[in-house]
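Each chain gets a letter, A, B and so on, in the order the sequences are listed, and its residues count up from 1.
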Amino acid sequence: MYDTGKIILGILIFLVLATSPFWYSKATGQADYLPDPVILTKDMPGKDVCVMPTDYMRSSHMDLLNDWRNSVVRDGERKFVSPNGHEYKKSLSNTCMNCHSNKAEFCDKCHNYMAVDDQTCWSCHVEPKEEL
Amino acid sequence: MLEKALTGDKRYWGWIAFVLIMIGAGAIAYLRQLDQGLTVTGLSRDVSWGFYIAQFTFLVGVAASAVMVVLPYYLHNFKAFSKLTILGEFLAVPSVIMCMLFIVVDMGQPFRVQNVMLYPSLNSPMFWDMMSLSGYLFLIVVIGYMVLSSEKKGIAPPKWLKPFIIISIPWAISIHTVTAFLYSGLSARPFWMTAVLAPRFLASAFAAGPALLILIIFLMRKLTRFDAGKDAIQKLAVIATYAMCINVFLVLMEVFTTFYSGMPEHMHHFEFLYVGLHGNNTLVPWMWFSSALAVVALVLLLTPKFRKTEVMLGFACIAVFVSIWIDKGLGMIVAGFTPSQMGEVVDYWPTLNEFMVSIMVWGIGLLIMSLLYKIIFTVRGETEPIVAAKEDKKELTVPSN
Amino acid sequence: MGIDRRKFLTIAGLTTLTTLGKTVLGSSPAGHDPIETGSQAVKRLAMVIDMVKCRQNEGCTECTKICHKIHNVPDIGNAKEEIKWIWKENFEAAFPNQHHDLLEDNIKNSPAVVLCNHCDVPPCVKVCPTGSTWQREDGIIMMDMHRCIGCRYCVAGCPYGSRSFNFRDPRPHIDEMNPEYPTRSKGVVEKCNFCAERLVDGLLPACVDICPEKALTFGNINDPESEIRQILKSRHSIRRKPILGTNPQIYYLV
């Protein structure tokens, strides 16, 4: 192999640069905490449970939201019946955000931590006014 | 073979640097458009397509016109075009890419472009346009690459390539036909809703494309050792002449039908282009300039003495190209939207930002074309002596008119 | 090796073809599946606009105001980038084929309320390359803002100028945000949706509700007993550019 030294050095420099964000957050301790989303309820209309069990929501809320979006927009199907028989209106702004009424303390906590870009939702759907 | 584009003299790298600066400057304008939206363009709710879509339309024509060298060579065995087919294909490659980019820069949500594939809508000509353009790009890249690499090895192109080449001929016609269908199927826009739109697009493409190719041949002869030969140039000139005649003929057909029938909804668009409407005559001088150039071009091309003089032919080709660029690249799209559905004339002229974004796309096209042409000439410089082209010419004389 | 390259390519190719085939054959663009409404046959929503009543209230823009307010329609303040769902237009602009110079003054000079015609044969739906705009079974032409790529082909295809494009982020131009309805992002097309979000709650479109002259009537045009059918039976009505074959579902009483 020609220029072995240069190639190995190049690979090393690349690896250091490519992994530098990890080293940086390790060094600054940015990634050492776990996000702690808080539910600040503005208005819980007689239902003290979520539309689906917490475990499911934790792992798959985005799938549920996508599913709601498609069925509301494309099929005009706006009613959702939860496993425990409650009926909900499929709506991010008008159902989810009624309980999870503080986006900054709830959605953003994990989304920022995981660097999830949820601007595609919030550039159109209106988040509730923060009252603290 | 691609590495041939990476070696070159100062002049070559200077040109590449210039093109990269074009792209960079335009990219800044495009970032601004991404950030602020299409408000940075001159477009409006009434004239909702403009310079970008017009460039797209014009360039589909340039891409399709490669068929004008491919067809005579492969179907009629016209040997003088043997060195030109790759030039034609490699002019079509950057043209198709520019077409696609002009569509993308025109989109309000360019990051969702994959939706066209995810939710294929067979009732939309835009879906078919995307299919035909990407299929054509695939065909000409494969054909161009295989023909050139065979030429490099000094062997005949592989047999399996022949069907690709044959298919590419009707396919080239299809890309511009489907582009015309984008417009001519809209009952909402009387200016476009005419059956001669597709034939007219093809005729103007087959005039502008070969005219551009002749100009490129002249330029390449100055810059490289490449020479297409007089027969090839004259044949291209004859093709451009026929196509330009048909193009002008079809425009006049349109004018007769519109004005003799006298339907206001059809006439208003032509009035906007040629005499102005409601006091707006933004495009009037351009359209008359385009018409004048068309007349000049026809006189020069139809007179054998002028057509056979290279300087005159050069002028004629510039006239053809500019005339058709104004017609398709400025007038065609805007006139379809003017007057609007409410009968209003809303002024449109591309903004500086819009123009710079177009510079970016043209720059990308020029870059790809420069790299591809560099590969062609380097490959040929290796495989052929300097005078090869001239010997060719002696062997193959074709009756010229 | 259990599977060689050729076999893999064959399987991959066939799978793609099957999927494509399903997508193609499974979709029915602009199809009407019958819905039994309980009364007559297929439900088909339409609107009648009584221009005689409307012109009694010159300068009234209540329908525009309420519609734009509840749907978060921005006020860009720039005619070229204006977003409009329902608005007043000159008679000649709205009805170029019905206009002539000697038309009675009160018709010629009074503006017409225009909005999306929710055509039975919608050209916008035909041209949309992504299915972002489509026709519901009840005839409403809907928009999916999540899917729209902003190509503006529908704007070119609409003969009525009913579609608006968001040339910029609309949010800074919305005075009072209605949190119950989304705004749009820049780069998508929007238009009147016949208040689909109100219809599910059993409400009438907001413009119909608010009109102080009660000039707008909304209902199922396929039901011979419906109010709009009774009106159309008894009064002369016209439609915008009917010659184009789009079968617009906004009827005007002149």
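The parts of Ser48(B) that come within reach of chain C are both its backbone and its side chain, each placing non-hydrogen atoms under 4.5 angstrom from that chain. Using a 4.5 Å cut-off between heavy atoms, Ile333(B) does not touch chain C at all. Looking at Val346(B), only its side chain comes within 4.5 Å of chain C, counting heavy atoms on both sides. Only the backbone of Cys128(C) comes within contact range of chain B, with at least one heavy atom under 4.5 Å from a heavy atom of that chain. Only the side chain of Arg189(B) comes within contact range of chain C, with at least one heavy atom under 4.5 Å from a heavy atom of that chain. Looking at Leu43(B), both its backbone and its side chain come within 4.5 Å of chain C, counting heavy atoms on both sides. Within the 4.5 angstrom heavy-atom criterion, no atom of Ile53(B) approaches chain C. Proximity to chain C (any heavy atom under 4.5 Å) is restricted, for Leu186(B), to the side chain, taken from C-beta onward. For Tyr160(C), the part lying near chain B is the backbone, with the side chain staying farther off; criterion is any non-hydrogen pair under 4.5 Å. Heavy atoms of Tyr52(B) lying under 4.5 Å from chain C are absent altogether. Using a 4.5 Å cut-off between heavy atoms, His99(C) makes no contact with chain B at all. In this structure, chain B has no heavy atom under 4.5 Å from any part of Asn78(C). Residue Lys84(C) touches chain B through both its backbone and its side chain, counting heavy-atom pairs closer than 4.5 Å.
Ser124(B) places a side-chain N or O within donor-acceptor distance of the main-chain N or O of Val127(C), the cut-off being under 3.5 Å. In this structure a side-chain-to-backbone donor-acceptor pair under 3.5 Å is missing from Lys186(C) to Leu38(B). Between the side chain of Asn115(B) and the backbone N or O of Thr130(C) there is no donor-acceptor pair closer than 3.5 Å.
For the set Pro125(B), Gly336(B), Gly37(B), Ser121(B), the count of heavy-atom pairs under 4.5 angstrom toward chain C peaks at Ser121(B). No other option in Gln36(B), Glu344(B), Met130(B) has as many heavy-atom pairs under 4.5 Å with chain C as Gln36(B).
Remark: Ser44(B) OG to Phe167(C) CZ distance equals 6.0 Å, nearest 0.5 Å. Atom OH of Tyr119(B) is separated from atom CG of Asp144(C) by 7.5 Å, given to the nearest 0.5 angstrom. Separation of atoms CD (Gln109(B)) and SG (Cys148(C)) is listed at 7.5 Å; rounding is to 0.5 Å.
Of all the heavy atoms in Gly157(C) and Ala188(B), the pair that sits closest is O-CB, 3.3 Å. Here the closest heavy-atom approach between residue Trp49(B) and residue Tyr153(C) is recorded as CH2-CD1, 3.3 Å.
Side chains of Thr39(B) and Glu81(C): a donor on one and an acceptor on the other come within 3.5 Å. Inspection of the Gln341(B) and Ser162(C) side chains reveals no N or O donor paired with an N or O acceptor under 3.5 Å.
Here the rule is side chain to side chain contact (heavy atoms under 4.5 Å, CB included) with Arg45(B), and of Glu82(C), Arg163(C), Arg152(C) only Glu82(C) fits it.
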